[in-house]
Structures are given as C-alpha cells and as structure tokens.
Amino acid sequence: MMNRIIPATEKDIPGSAVIESYLASPYTSIKHSSYFQVYEEVFTKYRNRPITFVEIGILDGGSLFMWKRFLGDSARIIGVDMNPDAKRWESEGFEIFIGSQEDPDFWDRFFETVGSVDVVLDDGGHSNSQQIVTAHKVLPYIRDGGMLAVEDIHTSYIRQFGNPSKYSFINYCKRAIDQVNSRSSVLPWLRKHPSLIRDAVYACAFYESIICFHVDRRKCFISESTINNGVKPISRDFRNEKYRPSFDSGKPLRSFLRSIALIALRLVSLIFFGNSKILLEMISTWKMKKYFK
Ligand SMILES: C[S@@+](CC[C@H](N)C(=O)[O-])C[C@H]1O[C@@H](n2cnc3c(N)ncnc32)[C@H](O)[C@@H]1O
C-alpha cells in the first residue's frame with residue numbers, strides 16, 4: 001500500500017508552534033497530520049528548558065531542525081540512526097549517534113556516553129522488535145518528568161511488519177497498562193515478576209498511531225486505600241443491591257422466581273468460588289459481549 005503524502009499546512013492547528021517549526025525546517029521531514037496536535041500537547045512543557053531530547057530516525061534531517069526551533073536553544077538535541085551519513089548533521093550542532101535501535105549493546109554504549117535524558121521520540125524503523133527493544137532499553141534512562149513517545153504504532157496492525165502478532169508492539173503497550181495497574185494494592189498477584197514499567201511509567205497515553213509513556217518514578221508507588229477525617233453519616237452502600245433478592249408486589253411471581261434464582265446462583269458461587277457474588281458478576285460481564293464488536 002503506497003502512502004499518499006500531502007503538503008503540511010498550518011490551518012489544522014492555528015497558532016501551533018510545532019507546525020510553525022515543521023514548516024520552517026530547511027530540510028525535509030515527513031510526519032502524519034495527526035501528530036502535530038499530540039506533539040503540541042505533550043512536548044510544550046519542555047520548551048525553552050535545558051532538556052535532552054533524543055529522536056531515533058533522522059533520514060533527511062528535517063525533524064532535527066524542527067525540534068531545535070520548537071524546543072529552543074537550551075535543548076540538547078540528539079539524533080540516532082543506522083545510516084552513517086547522518087553524521088553530517090553534527091556540523092549543524094546536533095549530536096549524532098550511529099547504531100541500530102534494535103541492538104541492546106548500542107543503547108548501553110549510548111547511555112554510557114550521554115547519561116540520562118528527558119525525552120526519547122522513536123521515529124525509527126517502526127518494527128515490533130525495534131520498538132520493543134528501544135522501550136526496554138531507554139525507559140531506565142529517562143528522567144522523572146520525561147517521556148518515551150513512539151510514533152507510527154499503526155505498524156502493529158500491518159502485515160509487512162509481521163503483524164498481527166502476540167508479540168506486536170501494540171500488545172507490549174496493552175501489557176504496559178496491566179503493569180501500571182499492578183501498582184494497585186488490591187492486585188498483589190500482578191506483581192509476581194519485576195517490571196520496569198511498573199516501577200517507572202506513571203501513565204501511558206494512547207493517541208492515534210502514537211503512545212506516550214510518561215516517566216515519573218516518584219509517582220509509581222503501591223497505592224493504598226485512604227480515608228479522610230470527615231464525619232461518617234450512616235449511609236447504605238448500594239454496591240450489592242443488584243444481587244439482593246427483593247419482592248415486587250406488582251409482579252409477585254416474577255420477583256419470587258428472580259429471588260429464588262439469585263439465591264441459587266449465590267449459593268453455587270459460594271460453593272465453587274468461595275464468594276457468593278463471583279458467578280453473578282461473570283454472567284453480567286458476559287452480557288457485555290455486544291459492546292466488544
Ligand atoms: C521515518 S524515517 C525518520 C524521519 C524523520 N524523523 C523525520 O521526521 O523526517 C526513519 C529513519 O529510521 C532509520 N532507521 C531504520 N531502522 C533503524 C534502526 N534499526 N535503528 C536506527 N535507525 C533506524 C532510517 O535510516 C531512517 O532514517
């Protein structure tokens with residue numbers, strides 16, 4: 001499938017500093033039209049700050065200039081590419097590292113030289129292995145308040161990239177959601193194995209074709225139930241109400257049969273699952289199938 005490329009325009013996001021920087025870049029860059037609103041939303045907080053910004057994938061160099069203009073002169077902009085020709089951008093003030101994002105040893109050498117970074121934007125080869133190895137190797141070196149943004153994650157749905165696959169990048173991201181949620185104190189069984197994402201990723205934000213892993217270890221703790229010091233009025237908790245047998249005088253036979261069925265199901269649930277609600281919750285969840293089409 002050939003991808004149609006259209007000229008970029010400022011019309012879609014009026015006043016967008018990202019689009020302005022993109023259009024002002026002296027060299028070619030190709031970005032999807034939906035990406036600018038995401039960049040604007042997630043990268044604006046880094047403008048005019050002394051951050052280290054790494055972009056994987058340089059090609060014609062255009063995006064390096066775009067980031068420099070958008071982020072300001074105090075940003076340290078680093079480009080990574082497999083193509084040794086990319087070294088030519090060093091003469092323009094960018095730091096360039098040549099290597100494959102899929103090679104774990106490359107990243108070890110990279111961080112040994114560069115140290116911690118604030119933002120990594122992955123616009124490299126877009127294959128599952130490239131995106132997954134990169135995420136795994138860069139997340140430990142992203143400072144709190146920083147992020148890993150991965151572009152073109154639509155490749156997870158494309159055959160040329162070996163997808164769909166159980167081990168696609170999108171499935172890695174979906175698993176990341178489980179790891180973020182595993183910080184809940186009520187889910188100890190999800191914490192059987194150590195997890196980089198659980199320990200470092202505060203939030204995952206999904207956009208069309210982009211995911212942002214927001215890194216902040218200070219916010220990655222096992223949550224607990226808390227209570228304030230307010231007065232507690234006697235209030236009935238309606239959470240269990242839907243499974244309580246009840247008698248409706250308007251439809252006595254129907255409510256009688258419903259109550260008998262509820263009591264039977266709760267008894268079976270108690271015998272088989274050790275909890276009288278589980279079976280009823282399973283039945284009610286099963287009815288949600290229609291929303292998954
Ligand atoms: C989509 S282009 C980058 C476009 C550029 N960021 C822009 O906005 O104009 C992809 C780049 O990733 C590089 N690349 C492909 N596989 C790579 C790998 N395994 N490691 C590092 N770079 C890779 C290619 O050489 C190419 O320059």
Side-chain angles (χ1 to χ4, degrees), residues 32 34-35 37-39 41-43 45-46 51-57 80 100-104 106-108 110-111 116-158 161-224 285 288 291-292:
H32 283 258
S34 56
Y35 291 4
Q37 58 200 357
V38 181
Y39 299 148
E41 186 177 315
V42 300
F43 293 155
K45 67 175 177 179
Y46 302 113
I51 64 147
T52 301
F53 183 97
V54 181
E55 185 172 33
I56 303 160
V80 170
S100 174
Q101 66 177 132
E102 202 173 341
D103 173 7
F106 164 74
W107 288 115
D108 291 339
F110 176 87
F111 287 111
S116 298
V117 302
D118 296 284
V119 178
V120 176
L121 175 62
D122 182 351
D123 185 22
H126 308 306
S127 72
N128 296 317
S129 50
Q130 288 162 347
Q131 291 167 331
I132 292 170
V133 170
T134 300
H136 202 74
K137 293 301 287 186
V138 309
L139 281 171
Y141 293 94
I142 295 181
R143 290 190 193 103
D144 289 340
M147 78 176 69
L148 163 66
V150 186
E151 283 183 9
D152 288 15
I153 61 173
H154 47 245
T155 55
S156 276
Y157 305 90
I158 297 177
F161 288 86
N163 292 312
S165 162
K166 185 178 173 190
Y167 303 111
S168 66
F169 183 65
I170 201 70
N171 280 340
Y172 177 88
C173 297
K174 289 176 187 174
R175 195 164 162 268
I177 301 174
D178 299 335
Q179 290 166 344
V180 168
N181 279 325
S182 74
R183 291 198 295 268
S184 168
S185 59
V186 298
L187 304 173
W189 61 92
L190 291 186
R191 295 193 292 274
K192 267 195 259 157
H193 304 289
S195 158
L196 174 64
I197 288 172
R198 184 192 310 128
D199 294 343
V201 175
Y202 167 57
C204 304
F206 285 90
Y207 301 87
E208 177 254 293
S209 298
I210 295 183
I211 182 169
C212 296
F213 293 92
H214 292 271
V215 174
D216 203 329
R217 292 161 194 85
R218 299 163 299 188
K219 295 178 180 172
C220 293
F221 49 83
I222 306 302
S223 70
E224 280 168 298
T285 302
M288 297 300 102
Y291 295 106
F292 283 76

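- Taking both residues in full, the closest heavy atoms of Ile222 and Ser182 are given as CD1-O, 4.4 Å, listed atom of the first, atom of the second, then distance.
- Within 6.0 Å of NZ in Lys45 there are more than 12 heavy atoms belonging to other residues, nucleotides or ligands.
- Checking side-chain atoms of Asp118 against main-chain N and O of Thr52 turns up a donor-acceptor pair under 3.5 Å.
- Residues that satisfy the salt bridge (charged side-chain N to carboxylate O under 4.0 Å, His left out) test with Arg175, not counting sequence neighbours, are absent from this structure.
- Taken to the nearest 0.5 Å, the CD atom of Gln131 stands 15.5 Å off from the NE2 atom of His136.
- The NE2 atom of His154 sits 11.5 Å away from atom CG of Asn163, with the distance rounded to the nearest 0.5 Å.
- Counting heavy atoms from C-beta outward, Tyr35 and Glu151 have side chains that approach closer than 4.5 Å.
- Remark: the backbone N or O of Val215 is not paired with any side-chain donor or acceptor of Arg143 at under 3.5 angstrom.
- Within the 4.5 Å cutoff, side-chain heavy atoms of Tyr157 are placed close to those of Ile170.
- A search for side chain to side chain contact (heavy atoms under 4.5 Å, CB included) contacts involving Asp216 returns Asp144, Tyr202, Arg218, Lys219, not counting sequence neighbours.
- With sequence neighbours excluded, the residues satisfying side chain to side chain contact (heavy atoms under 4.5 Å, CB included) with Tyr207 are Val38, Glu41, Val42, Ala205, Ile210, Cys212.
- For CZ of Phe206, the number of neighbouring non-hydrogen atoms (other residues, nucleotides, ligands) closer than 6.0 Å is greater than 12.
- Using a 4.5 Å heavy-atom cutoff, the side chains of Ile56 and Gln130 are not in contact.
- In this structure, CD1 in Ile197 is found 9.0 Å from CG in Leu148, a value given to the nearest 0.5 Å.
- Judged by distance alone, the side chain of Arg183 and the main-chain N or O of Arg198 form a donor-acceptor pair under 3.5 Å.
- Ring geometry for Trp107 against Phe110 counts as perpendicular: the plane angle is over 60°, on a 0 to 90° scale with 30° as the lower cut.
- Two residues are said to be in side-chain contact when any heavy atoms from C-beta on lie closer than 4.5 Å; Asn171 and Ser165 fail this criterion.
- The CD1 atom of Ile158 sits 12.5 Å away from atom OG of Ser127, with the distance rounded to the nearest 0.5 Å.
- Ring-plane geometry between Phe169 and Phe213 is classed as perpendicular, the angle between the planes exceeding 60 degrees on a 0 to 90 degree scale with a lower cut at 30.
- At least one donor-acceptor pair closer than 3.5 Å links the side chain of Thr155 to the backbone N or O of Asp152.
- Distance alone, capped at 3.5 Å, is enough to place a donor-acceptor pair between the Ser185 side chain and the Ser223 backbone.
- Taking the side chain to side chain contact (heavy atoms under 4.5 Å, CB included) definition, one finds that Ala203 meets it with His214, sequence neighbours left out.
- Proximity of a side-chain donor or acceptor of His126 to a complementary backbone N or O of Gly124 within less than 3.5 Å is detected.
- Sorted by first and then second residue, the pairs that involve residues 120-137 and meet salt bridge (charged side-chain N to carboxylate O under 4.0 Å, His left out), not counting sequence neighbours, are Lys31-Asp123, Asp108-Lys137.
- Tyr46 pairs by the ring-ring contact (aromatic ring centres under 6.0 Å, His included) definition with nothing, not counting sequence neighbours.
- Nearest heavy-atom pair across Asn128 and Ser156 is OD1-OG, 3.9 Å.
- Taking 4.5 Å as the limit, every side-chain heavy atom of Val119 sits out of range of all side-chain heavy atoms of Val54.
- Thr134 contributes a side-chain N or O that, together with a main-chain N or O of Gln101, makes up a donor-acceptor pair within less than 3.5 Å.
- At distances below 3.5 Å, not a single donor-acceptor pair connects side-chain atoms of Ser195 with backbone N or O atoms of Gln179.
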